[in-house]
Amino acid sequence: MTEHTDDTDDTIEGHERELSAVREEHDDADDDVSLSLPGLSVDRRDFMKAGAAVGAATASAGCLDALSGGGSADQETASGGAKNHKVAPGELDDYYAFLSGGHSGEIRVMGVPSMRELLRIPVFTPEPASGYGYDDRTSEMLEEEGGGYSWGDTHHPRVSQTDNDYDGRWAFVNDKANGRMARIDLEYFETDAIVDIPNQQGTHGACCLLPDTKYVFGVGEFRVPMQNDGRDLDDPEAYTSTIAAINPETMNVEWEVEVDGNMDNGDGGKDGRWFFTTGYNSEHATTESGMTKADRDWVKAFDVPAIEAAVENGDYEEINGVPVVDGTRESPLNQSDRPVVRYVPTPKSPHGVSVTPDGDYAIASGKLDPTCTVIDVEKLAEADDPADAIVGRPRVGMGPLHTAYDGRGHAYTTLFIDSQVAKWDIEAAVEAEAGSEDPIVEKIDVHYNPGHLIASESYTADPEGDYLISLNKLSKDRFLNVGPLKPENDQLIYIGDDEEGMQLVKDKPSYAEPHDASIVSADKIDPADVYDPSDYDAEFVAEGDESIERIDDSTVHVKTYVKRNEYAFPEIRVQEGDEVRITASNVEETSDITHGMAIPEYDVDLALAPQDTREVTFTADEPGVYWVYCSYFCSALHLEMRSRLIVEPSE
Ligand code: CUA
């Protein structure tokens, strides 16, 4: 454990010195482990070579690139011996990975193990290729429910579960920038709801209360005045941060809990009782040096049934339409024998927290401390002092940020400063008397400075345990130089062979900036191939139902079908100043035949997948001829697929 001196230096340099002192100590204690500084890696064991040369028994059942037999019953071995982790052209991946896109405001969908990017799902930011934010429904969602911001900062994509397993319904993701949560419909792989969370700035963590996704939690990071309307500007003690419990069906914020200190990441327990967040700034400071003064911050454990009882009993204050429960340490609700929030002292500004697949432990990664803190969930419920629930504190390395699981009792923790992933044994860490046994199994270099990592189905009760992605913040020299703004590096690591060890399989450059991911078995998601018109409010315009109708002196409603290679009308004639509403349906039933409906100089951009209907409303305020054209390459006559918007000048 880190020894903290009383004369702690509060400067950045001071912390760096402290970290390097700990690091030297760590080097001495564990010289059997390879270490790398950012930008300089030294492999003790070259896992790549070992993986390629040795005939390792490999692979998850059902892996499509495994060629011939020879492994045990549930393993397959590639013909060359080692599993090559390739997905041949035309073959499909074993997993969907959902990665956040950071301040691109989107979610990316990637196949694993190929690491092929399959789709980008715009969430908080308009995106012209998919027409997101350009039709009436999605632009209203961004404007009205979404608060009208032009961008967002997605960090934590979490997929809904039933009975602690992925159910394929939704993915949820936070907006750290503007305090929002969004829902993505996994039938159509598109954003279908956004909620602007009251009383919360900087919604950082996002996660589900398991086993059945009763709530989606938005974890507020930035402390601000609860009524942030100009009061308490210079009184940081009066600032606060909240978690918000969101109903996944209605996306309504059901209640919030106000706490001491910042919050950071979160994860739900497996049995519906606990929800855990890490946090920093127990100091309630407003500067970096102030926020890193204390040797311990907290993991906050929210007792969900106790909070629900408080709401039921009226023990809350309604603020901006939301019941807010007082979960600060001094709150009367925390003085009873069933506190609403338990504050577990944890070194030092802990960053990630994740619950083990069996639900027994919540493990927090120390960030400014080289340890992880293992919290026994059952003990937490009984202990008078929440600190008594801490049952392990393995020293994993420098800058531990996040921990994932393989379902075989191992934890994998990213080490930001060491540029490594540490694999360690959870029970060994719990059983170890201080210093008696090293629970570290092995470490692998990653390139460079990993933030999150995610193992296949790590957030469920039954992880697959074969692949892990390390989301590295820096790529430096790993790719062709594209100038100063370099890609991140998402590295695929095979973790399915405990004897052979972790094997680095692939580098995948990615545009700024994935923070976190969920990896879901492909057979647990069942996306539609074409739209079902009954799923949307907009009226489907079949062939024969087309019309151009003047509603009143200044309003025209155009209903048009769209198909290869025509719009219903070769021309649409309106008067200068008319408000024009277009309802357009792609009547194609053929998979993958998408049409566009673009109108130059009117900023109209619809994308219509098969059987989809979109509406757009605009004011025809400039007389002239405007070619309506198809923006998706749909057939050999794609260029000729046209219509004219004719805007006649008013007299
Ligand atoms: Cu329709 Cu191109």
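Every value quoted in this text rests on a predicted model; they were computed, and no experiment measured them. Sequential numbering from 1 along the given sequence is applied to the chain's residues. We count ligands from 1, going down the list as the structure has it; atoms in each ligand are counted the same way.
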- Item | Centroid separation H204 to H155 less than 6.0 Å | yes
- Under the side chain to side chain donor-acceptor pair (under 3.5 Å) test, residues paired with N489 that sit two or more places apart: D507
- Message: Given the ring of F98, does R108 sit roughly above its face, with NZ or CZ under 6.0 Å from the centre of the six-membered ring and within 45° of the axis?
- Response: no
- Under-4.0 Å salt bridge between D545 and K559: no
- Result for side chain to side chain donor-acceptor pair (under 3.5 Å) between Y188 and one of D535, D612, D532 points to D535
- Message: Quick check on side chain to side chain donor-acceptor pair (under 3.5 Å): which of Q611, R564, K563 does E588 satisfy it with?
- Response: R564
- Ignoring waters, how many protein N/O/S atoms are under 2.8 Å from atom 2 (Cu) of ligand 1? 4
